[in-house]
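Accompanying notes for the structure given below.
Proteins come first, then strands; the chains are lettered A, B, ... in the order of their sequence lines, and each starts at number 1. In what follows, every heavy atom counts, from backbone to side chain, and hydrogens, waters and symmetry copies are set aside. Given the structure is predicted, the values throughout are model-derived calculations rather than measurements.
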There are 2 protein chains.
Amino acid sequence: MSAEEIRPDSLEKALAALREAIGEEHVLVDDRTLADYGTATFHTDHVIPAVLRPGSVEEVQQILRIANEYKLPIYPISTGLNTGYGSTVPAKSDCAVMELKRLDAIVEYNAKLGYVRVQPGVTQEMLFNFLQRENAPYWMDATGASPKHSMIGNIAERGFGHTPYGDHFAHIAGFQVVLPQGDVIRTGFGQFDNARATEVYRWGVGPHYDGLFTQSNLGVIVEATIWLMPKPEYMQFFACSVGRDEDLSLLIEAMRPLRLDGTINSAMHIGNDYKVISAIQSYPYAQAGDKTPLPQEVLAAKSKEWDCGPWNATGALYGTRAEVSAARKRLKKALKGKVQRLQFLDEKLLWVAEKVAKPYQWVTGLNLTEMMKMLKTVFGMTRGEPSADMLPSNYWRKRSLPDVSADLSPEKDNCGVLWIAPVAPTSGENAETIWHIVRDTMLRHGYEPAVSITLLTERTIDCVVNVSYDRDIEGEDERAMACHDDMLRQFCEVGFYPYRLGIQTVGKMPPRTPEYERFITGIRDQLDPNRILAPGRYLD
Amino acid sequence: MSAEEIRPDSLEKALAALREAIGEEHVLVDDRTLADYGTATFHTDHVIPAVLRPGSVEEVQQILRIANEYKLPIYPISTGLNTGYGSTVPAKSDCAVMELKRLDAIVEYNAKLGYVRVQPGVTQEMLFNFLQRENAPYWMDATGASPKHSMIGNIAERGFGHTPYGDHFAHIAGFQVVLPQGDVIRTGFGQFDNARATEVYRWGVGPHYDGLFTQSNLGVIVEATIWLMPKPEYMQFFACSVGRDEDLSLLIEAMRPLRLDGTINSAMHIGNDYKVISAIQSYPYAQAGDKTPLPQEVLAAKSKEWDCGPWNATGALYGTRAEVSAARKRLKKALKGKVQRLQFLDEKLLWVAEKVAKPYQWVTGLNLTEMMKMLKTVFGMTRGEPSADMLPSNYWRKRSLPDVSADLSPEKDNCGVLWIAPVAPTSGENAETIWHIVRDTMLRHGYEPAVSITLLTERTIDCVVNVSYDRDIEGEDERAMACHDDMLRQFCEVGFYPYRLGIQTVGKMPPRTPEYERFITGIRDQLDPNRILAPGRYLD
């Protein structure tokens with residue numbers, strides 16, 4: 001049964017049953033709503049028959065049961081801020097969107113063992129404010145995306161942030177999940193009603209399977225237990241850059257042993273000049289004489305203005321003062337003679353720097369005030385503080401940069417954004433291979449190769465690439481997608497697959513092994529024989 | 001189709017096909033072999049029709065295909081040293097044992113990123129020796145069990161050791177698995193034939209599911225990628241004890257924040273007096289006047305002789321010298337006034353202590369030589385060195401302690417051993433609840449409550465309990481099992497479930513939620529419709 005086969009009379013019956021189940025006001029079918037939910041940051045023409053807004057786990061169960069009865073495919077989203085990967089838009093046409101925003105309880109906070117249980121409507125901002133109010137001795141981990149994005153949404157996509165708890169899926173105890181046919185299960189020890197270690201011991205007993213419900217369409221996560229990081233006594237932020245594009249490899253190789261042995265125990269980010277510039281300002285159309293992509297001389301001028309190198313690394317060290325000092329020593333030693341301007345910054349120094357930014361700027365001519373703003377944001381993220389300051393970077397190719405606000409909607413403002421993020425074993429050579437694909441392909445297609453290379457885990461780099469464009473310009477949707485597809489194809493050809501997939505990749509991934517297909521299809525046949533849950537989402 | 005329904009003619013045909021597939025010499029049906037493989041460290045009466053010894057992944061596939069054809073259940077073991085949990089004995093009767101010892105290749109060693117790919121026949125000892133030969137700048141993690149036990153076998157049971165990489169299932173990149181019907185898949189990015197980050201990035205893309213093949217009967221792990229820990233610059237071992245039984249809670253509460261914030265970043269073990277004594281010597285029948293369980297006055301005398309308290313903690317600190325020194329300071333501060341004799345020991349000091357043990361012993365009367373031996377073993381384990389020194393502890397109730405050797409077989413020597421290890425959120429109260437169940441139940445049944453409480457993860461304690469007895473004594477098999485079952489029932493009743501299950505628990509666990517049963521049975525229906533893989537192993 002595929003999405004395309006639903007008949008209109010069946011849809012009407014389904015909607016009637018849904019209205020009965022969750023209340024008329026939570027079954028939205030007006031054109032305005034459907035158009036909004038149908039808008040991503042790139043072209044899609046998927047038809048959405050309805051938006052459903054359940055208010056409880058029981059209502060989620062009812063929706064899925066009705067969906068099975070009427071063969072109506074359901075596409076669950078948490079808050080739908082999956083910008084650059086599809087936002088609120090289903091992976092295939094004719095799916096009703098089920099938005100879980102109303103399930104927004106912080107169900108439990110355990111101050112003694114450092115964890116929270118949250119529902120999908122709980123956003124970065126909500127959790128952050130909650131922990132502040134509780135005066136919790138813990139940090140959450142935040143991403144640079146919207147403060148209004150769902151904690152669970154990001155875990156389900158296996159996203160990452162900036163603290164030692166930055167690998168989000170690695171720092172949970174498990175889920176409560178509604179299965180496609182309406183059953184509710186708890187993972188791990190939650191298979192037993194009276195289990196008491198479910199929130200602290202992830203593996204439980206028997207087969208371990210919580211990951212089945214991430215990056216998949218095999219269940220709807222309605223609760224997650226998120227572990228929190230004890231606030232360290234001290235942290236120091238660091239930044240450095242290399243002077244030549246070809247020194248990327250050198251930088252990665254210098255950092256590799258430090259990330260592997262835990263001297264650096266959080267995701268470290270290395271952004272190129274394009275990335276830094278596009279994070280601070282919008283496209284300099286005037287200086288570029290209205291030409292795109294960015295002329296090399298403008299890039300050079302902007303690099304000078306913002307004082308950045310071809311590659312710019314930022315990261316943080318955590319621990320006691322003595323530990324941080326020891327780590328700092330090792331970092332300095334490893335980078336000696338290889339990088340420019342290795343600088344360390346702690347909270348106190350940041351405060352001082354902020355005070356002197358203006359006078360310093362008068363003397364040096366550097367725009368320190370703007371740079372300080374960005375620095376404060378990045379610094380805050382290494383402490384798990386969500387921020388809306390990165391949102392305007394989605395507006396890079398728009399004619400003007402909007403004011404910072406958590407309510408910015410790149411989707412509604414016709415921003416063009418397409419993310420892809422291939423993963424490779426950490427090595428200078430692999431970083432260069434990826435970078436050269438990105439640079440050559442994007443420039444050829446007429447886009448700025450703004451990338452950040454993240455030392456994601458002890459042994460892995462992840463290159464986060466973004467095709468940024470203006471959807472208001474005729475033909476750009478097609479051109480940008482061609483650029484995206486060209487890169488995706490090349491990444492897959494060299495064996496560096498993305499760590500997550502947006503709906504723009506549906507039907508474009510190379511074939512998986514037939515054995516894997518049989519395995520995963522078999523599981524799906526069991527859990528979702530009617531294929532009502534998110535068809536096309538990771539699994540066709 | 002259950003194991004009991006196999007008909008003899010069908011078995012003969014299956015064996016003929018198996019001989020054809022893997023060679024006559026690898027299909028063992030002689031009485032001696034079948035009796036050996038049918039012997040655990042407790043009573044079982046499971047009939048084993050054959051022992052199969054495949055020599056390649058292809059032969060494993062062939063075995064499973066033949067098994068499906070003839071409905072012959074297959075029970076895979078790696079090296080079968082699952083002592084106290086069933087050893088080589090299948091969870092149900094009439095299963096052919098498939099031993100994977102001959103698949104013993106270290107398929108890959110990556111010196112740059114610190115990992116190995118190994119097959120199930122690779123033992124602790126083999127990997128350790130390999131890394132020594134390669135002069136690898138990495139440590140493996142070892143358990144206190146036999147040096148001849150399989151690395152994969154332990155990962156599959158989600159076992160744990162003593163270094164920061166001690167949670168074995170948490171430090172792998174994934175598996176190659178033969179599914180019950182004979183297909184081979186690789187987890188994570190391995191769904192793509194040309195993927196290059198499979199060994200370094202665990203989650204891959206799409207649903208994550210490698211845990212399905214741990215503690216289960218859903219597939220046969222034929223290869224694992226194990227991450228290795230970079231050798232730290234320095235490490236310091238520490239030990240301390242508390243003077244009164246009731247101070248256990250105090251000790252756990254003092255350690256809790258240090259384990260949570262990473263000051264202690266490896267599993268820390270707290271053994272009681274019974275545990276320490278039974279690790280060093282066999283039952284003092286003479287002093288006890290042949291009475292069991294151990295009389296309190298003998299316990300007291302032995303505690304004095306071996307210089308141990310009611311609870312004795314050991315652990316280690318890892319890092320640079322500066323980091324270890326900082327951690328040591330915090331540890332001292334947290335334990336001040338709460339513990340006795342907090343002592344630190346590094347490699348150099350251990351060497352010195354060894355030299356002076358003998359003269360010191362003459363002066364103090366303490367048996368330092370024996371204590372040094374145990375200390376060296378435990379010290380080595382905090383550095384990932386496998387050791388056979390713990391094996392004799394399985395002989396506690398035997399009349400004599402054998403000489404240490406990796407070839408000791410508690411199974412063949414009629415040792416009685418039943419392990420059970422409940423998990424709880426870290427708290428003094430939970431530790432006491434478990435300890436009181438163990439103490440009262442074991443003493444009532446006539447056994448010594450030898451336990452170690454492990455601060456297993458940042459938020460979890462695991463109490464490792466062992467019913468140790470002499471199988472040569474009439475009626476002991478039944479009495480020991482009654483004691484085991486009594487504890488298991490109480491642990492489950494209070495909600496502290498074991499982190500793993502031996503075959504002695506089949507049919508004894510409380511019911512799981514019906515939703516979970518439907519979910520997991522559905523997956524099993526798909527992967528193993530004929531129920532040929534290890535019936536009863538975690539899943540009925």
Side-chain angles (χ1 to χ4, degrees), chain A residues 113-114 158 169 179 183-185 189 191-197 200-201 203 205-209 211-212 214-216 218 227 230 260-261 320 322-323 325-326 330 423-427 457 459-460 495-501 510 512-513 515-516 518-520 522-523 525-527 538-539, chain B residues 112-114 158 169 179 183-185 189 191-197 200-201 203 205-209 211-212 214-216 218 227 230 260-261 320 322-323 325-326 330 423-426 457 459-460 495-501 510 512-513 515-516 518-520 522-523 525-527 538-539:
Chain A
L113 290 170
R158 302 199 295 254
F169 179 59
L179 297 176
D183 270 356
V184 177
I185 57 172
F189 281 129
Q191 67 193 268
F192 298 106
D193 274 332
N194 70 335
R196 287 171 63 189
V200 287
Y201 187 70
W203 313 136
V205 67
H208 177 72
Y209 59 88
L212 271 183
T214 60
Q215 297 194 354
S216 87
L218 300 170
W227 291 328
L260 184 57
D261 75 12
T320 57
E323 283 167 343
S325 155
R330 268 177 292 164
V423 168
T426 304
S427 85
T457 70
R459 294 164 182 82
T460 313
F496 298 142
Y497 288 84
Y499 86 96
R500 77 199 268 189
L501 301 177
R512 293 142 173 154
T513 66
E515 293 81 3
Y516 174 80
R518 277 197 291 272
F519 162 73
I520 205 73
I523 289 181
D525 286 345
Q526 270 300 324
L527 297 180
Y538 290 95
L539 305 174
Chain B
K112 202 167 141 182
L113 290 170
R158 301 199 295 255
F169 179 60
L179 298 176
D183 271 356
V184 177
I185 57 172
F189 281 129
Q191 67 194 267
F192 298 106
D193 274 331
N194 70 335
R196 288 171 62 190
V200 287
Y201 187 71
W203 314 136
V205 66
H208 176 72
Y209 59 88
L212 271 183
T214 59
Q215 296 194 354
S216 86
L218 300 170
W227 290 329
L260 184 56
D261 74 12
T320 57
E323 284 167 344
S325 155
R330 270 177 292 164
V423 169
T426 304
T457 71
R459 295 164 180 82
T460 312
F496 298 143
Y497 288 85
Y499 86 96
R500 77 198 266 187
L501 302 177
R512 293 142 173 154
T513 67
E515 292 82 3
Y516 173 80
R518 277 196 292 271
F519 163 73
I520 205 72
I523 288 181
D525 286 345
Q526 270 299 325
L527 297 180
Y538 289 95
L539 305 175

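In terms of non-hydrogen atom pairs under 4.5 Å with chain B, the most contact-rich of G114(A), A197(A), G206(A) is G206(A). Per-residue counts of heavy-atom pairs under 4.5 Å with chain A were compared for R459(B), R500(B), E323(B), E515(B); the largest is that of R459(B). Between chain A and the options I523(B), T214(B), D525(B), the largest number of non-hydrogen pairs under 4.5 Å is found for T214(B). The residue among V423(B), I520(B), V205(B) with the most heavy atom pairs within less than 4.5 Å of chain A is V205(B). Interface remark: of the candidates L539(B), T320(B), L260(B), L260(B) forms the most heavy-atom pairs closer than 4.5 Å to chain A. In terms of heavy-atom pairs under 4.5 Å with chain B, the best-connected choice from T513(A), L218(A), L113(A) is L113(A). Of the listed residues A195(B), S325(B), A326(B), A322(B), the one with more heavy-atom pairs under 4.5 angstrom with chain A than any other is A195(B). Each of Y201(B), F496(B), Y538(B) has some count of heavy-atom pairs under 4.5 Å with chain A, and the biggest count is that of Y201(B).
In terms of heavy-atom proximity, P425(B) sits nearest to R196(A) at CG-O, 3.2 Å.
Residue T426(A) touches chain B through both its backbone and its side chain, counting heavy-atom pairs closer than 4.5 Å. For L527(A), the part lying near chain B is the side chain, with the backbone staying farther off; criterion is any non-hydrogen pair under 4.5 Å. Only the backbone of A424(A) comes within contact range of chain B, with at least one heavy atom under 4.5 Å from a heavy atom of that chain. Using a 4.5 Å cut-off between heavy atoms, P207(A) contacts chain B through both its backbone and its side chain. With a threshold of 4.5 angstrom between heavy atoms, F189(A) approaches chain B through side-chain atoms but not through N, CA, C or O. Of the atoms belonging to L212(A), heavy atoms from both backbone and side chain fall under 4.5 Å from chain B.
Annotation: salt bridge (Lys or Arg N to Asp or Glu O under 4.0 Å) contacts of D183(A) (sequence neighbours excluded): R518(B).
Using cut-offs of 30° and 60° for the angle between ring planes, the F519(B) and Y209(A) rings count as tilted.
For the atom pair R512(B) CZ and I185(A) CD1, the distance stands at 13.0 Å (nearest 0.5 Å). In this structure, Y516(B) OH and L179(A) CG are separated by 12.0 Å, a value rounded to the nearest 0.5 Å.
If you run ring-ring contact (aromatic ring centres under 6.0 Å, His included) between W203(A) and each of F169(B), Y497(B), Y499(B), only F169(B) comes through.
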